[in-house]
Amino acid sequence: MTDFAMPPLASRRLWVTRPAAQAAALSAALAEQGADVLQFPLLEIALPQDAAPLRDALARLADYDLAIFISPSAIEAVFAELTSGWPALPVAVVGPGSAQRAAELGISQIICPSTQFDSEGLLEQLRRPQMPQLAGQRIVIFRGQGGRDILPAALQAAGASVELISSYQRLGPRWSASELLTQLDRGCDGLIISSSEAAQHLFALGGEQTRHRLQSVPYFAPHPRIISALQALGAVQTQLTEAGDAGITRSICRYFAPN
């Protein structure tokens, strides 16, 4: 008789809270390990209220020496508006998920941090001796409306000319408090949270009615800043994961592995 090992995530109901367009690959990776996956997007991505600056920048891509995408959402938004193929313009991204998506869309010159996957990590990567000097470089940064100013300020201080383009806006979830409660009643063995803003939306959605239940659920997030946001909201079970879909899946499998 042959013994068949159970998949590591069998019987685990996991919620993927990324925007709908970015959830498929991670959901599939978790399902392959046996998880019952619920896609529960906590952010909706839309064009900025004024898309004219984005379209103008895309018409002038030849003017730049480097394009920076702050998130996968920025990549998706730009390529949704792009009317022709991506030119021979190097691209810098902050994490492996963005790097993978950029490669899938045909970008061949991709710069990505090797360890610290955020703006600070990308800045360190761009300052390495083997990289071109930043002074005099014409850089366009595609990001969501608002966003942190650490990276553009540092690039400008290094002598680069920086143009900030709002390529998308983040909208709150369309779920109701009753829908959240229904899904909690059906089971939640863990939530994967992709941004601090998503964490805020989750706890605001349920209000006091579900706050204590949400605080006791295990959370998985790929960046310490998201973990801190969850802990500030009262979450007591937070796990920092590896980056990227494969890293998140490995980390969750380890978490649920028998002792």
Side-chain angles (χ1 to χ4, degrees), residues 3-43 69-76 92-105 107 110-122 124-125 183-184 186-199 202 214-231 233 235-259:
D3 292 330
F4 293 97
M6 292 288 288
L9 299 180
S11 79
R12 304 295 182 181
R13 190 169 192 254
L14 302 175
W15 298 17
V16 174
T17 65
R18 287 177 177 173
Q22 301 168 25
L26 177 58
S27 297
L30 294 168
E32 188 175 343
Q33 298 301 320
D36 175 16
V37 179
L38 170 67
Q39 291 189 17
F40 195 87
L42 292 172
L43 290 173
F69 292 107
I70 293 299
S71 67
S73 294
I75 297 175
E76 299 292 349
V93 297
V94 299
S98 294
Q100 179 179 342
R101 186 58 180 145
E104 291 170 351
L105 291 168
I107 299 175
I110 303 171
I111 301 163
C112 182
S114 55
T115 53
Q116 185 178 346
F117 303 118
D118 53 19
S119 295
E120 291 86 348
L122 177 57
E124 181 181 344
Q125 186 76 19
Q183 293 300 336
L184 284 171
R186 290 177 179 172
C188 179
D189 293 298
L191 285 98
I192 297 99
I193 302 291
S194 56
S195 71
S196 301
E197 188 175 359
L202 176 65
L214 289 172
Q215 288 172 334
S216 64
V217 173
Y219 290 90
F220 303 93
H223 196 281
R225 200 159 45 242
I226 307 174
I227 294 293
S228 295
L230 286 164
Q231 291 172 345
L233 290 164
V236 295
Q237 299 184 68
T238 56
Q239 298 293 321
L240 181 65
T241 71
E242 299 176 44
D245 293 345
I248 291 171
T249 302
R250 281 194 302 270
S251 298
I252 294 175
C253 286
R254 283 197 300 267
Y255 177 84
F256 287 113
N259 293 328

Original post:
Which heavy-atom pair separates Leu233 from Gln215 by the least distance, and what is that distance?
Top reply: O-NE2, 3.1 Å
Subject >> Enclosure of Glu32 CD (heavy-atom neighbours >12, cutoff 6.0 Å) >> reply: no
Original post:
Under a 4.0 Å N-O cut-off, is there an ion pair linking Asp245 with Arg18?
Top reply: yes
Original post:
How far does CG of Leu42 sit from OG of Ser195, to the nearest 0.5 angstrom?
Top reply: 8.0 Å
**OP:** Please report the shortest heavy-atom distance between Cys253 and Pro8, naming the atom on each side.
**Re:** SG-CG, 3.8 Å
Original post:
Considering only heavy atoms from C-beta outward, does the side chain of Pro224 approach that of Leu240 to under 4.5 Å?
Top reply: yes
**OP:** Could you check Val37 against Leu26 for side-chain contact (heavy atoms from CB on, under 4.5 Å), going step by step and ending with a plain yes or no?
**Re:** CA-CA 10 Å; Val37 179; Leu26 177 58; over 6 Å; no
Original post:
Which one of Leu202, Asp189, Leu191 satisfies the side-chain contact (heavy atoms from CB on, under 4.5 Å) criterion with Val217?
Top reply: Leu191
Subject >> Side-chain donor/acceptor of Tyr219 to backbone N/O of Leu214, under 3.5 Å >> reply: yes
**OP:** Give me the ring orientation class for Phe220 and Tyr255: parallel if the planes are under 30° apart, tilted from 30 to 60°, perpendicular past 60°.
**Re:** perpendicular
Original post:
Which pair of non-hydrogen atoms, one from Ile193 and one from Ala198, has the smallest distance, and what is that distance?
Top reply: CG2-CB, 4.3 Å
Original post:
Just checking, any donor-acceptor pair under 3.5 angstrom between side chains of Gln239 and Ser251?
Top reply: no
Original post:
In a check of side chain to side chain donor-acceptor pair (under 3.5 Å) between Gln22 and each of Ser71, Ser73, Ser27, which one passes?
Top reply: Ser73
**OP:** Could you please spell out the steps behind the side-chain contact (heavy atoms from CB on, under 4.5 Å) verdict for Thr249 and Leu30?
**Re:** CA-CA 6 Å; Thr249 302; Leu30 294 168; 3.9 Å; yes
Original post:
Can you name the closest pair of heavy atoms from Gly95 and Phe117 and give their distance?
Top reply: CA-CD2, 3.9 Å
**OP:** Check whether any side-chain heavy atom of Val93 lies under 4.5 Å from a side-chain heavy atom of Leu122, and answer yes or no.
**Re:** no
**OP:** Can you measure from CG (Leu230) to OG1 (Thr238) and round to the nearest 0.5 angstrom?
**Re:** 7.0 Å
Original post:
Which pair of non-hydrogen atoms, one from Ile227 and one from Ala221, has the smallest distance, and what is that distance?
Top reply: CD1-CB, 3.8 Å
Subject >> From CD1 (Ile110) to CZ (Arg101), nearest 0.5 Å >> reply: 11.5 Å
**OP:** Could you tell me the separation between the CD atom of Glu242 and the CD1 atom of Ile248, rounded to the nearest 0.5 Å?
**Re:** 9.5 Å
Original post:
If you round to the nearest 0.5 Å, how far is CZ of Arg225 from CG of Asp118?
Top reply: 5.5 Å
Subject >> Shortest non-hydrogen separation from Pro41 to Ala20 and the atoms involved >> reply: CB-N, 4.0 Å
Original post:
Which distance, rounded to the nearest 0.5 Å, do you find between the CD of Gln33 and the CG of Leu14?
Top reply: 11.0 Å
Subject >> Note, Ile192 side chain near Thr241 side chain (heavy atom, < 4.5 Å) >> reply: no
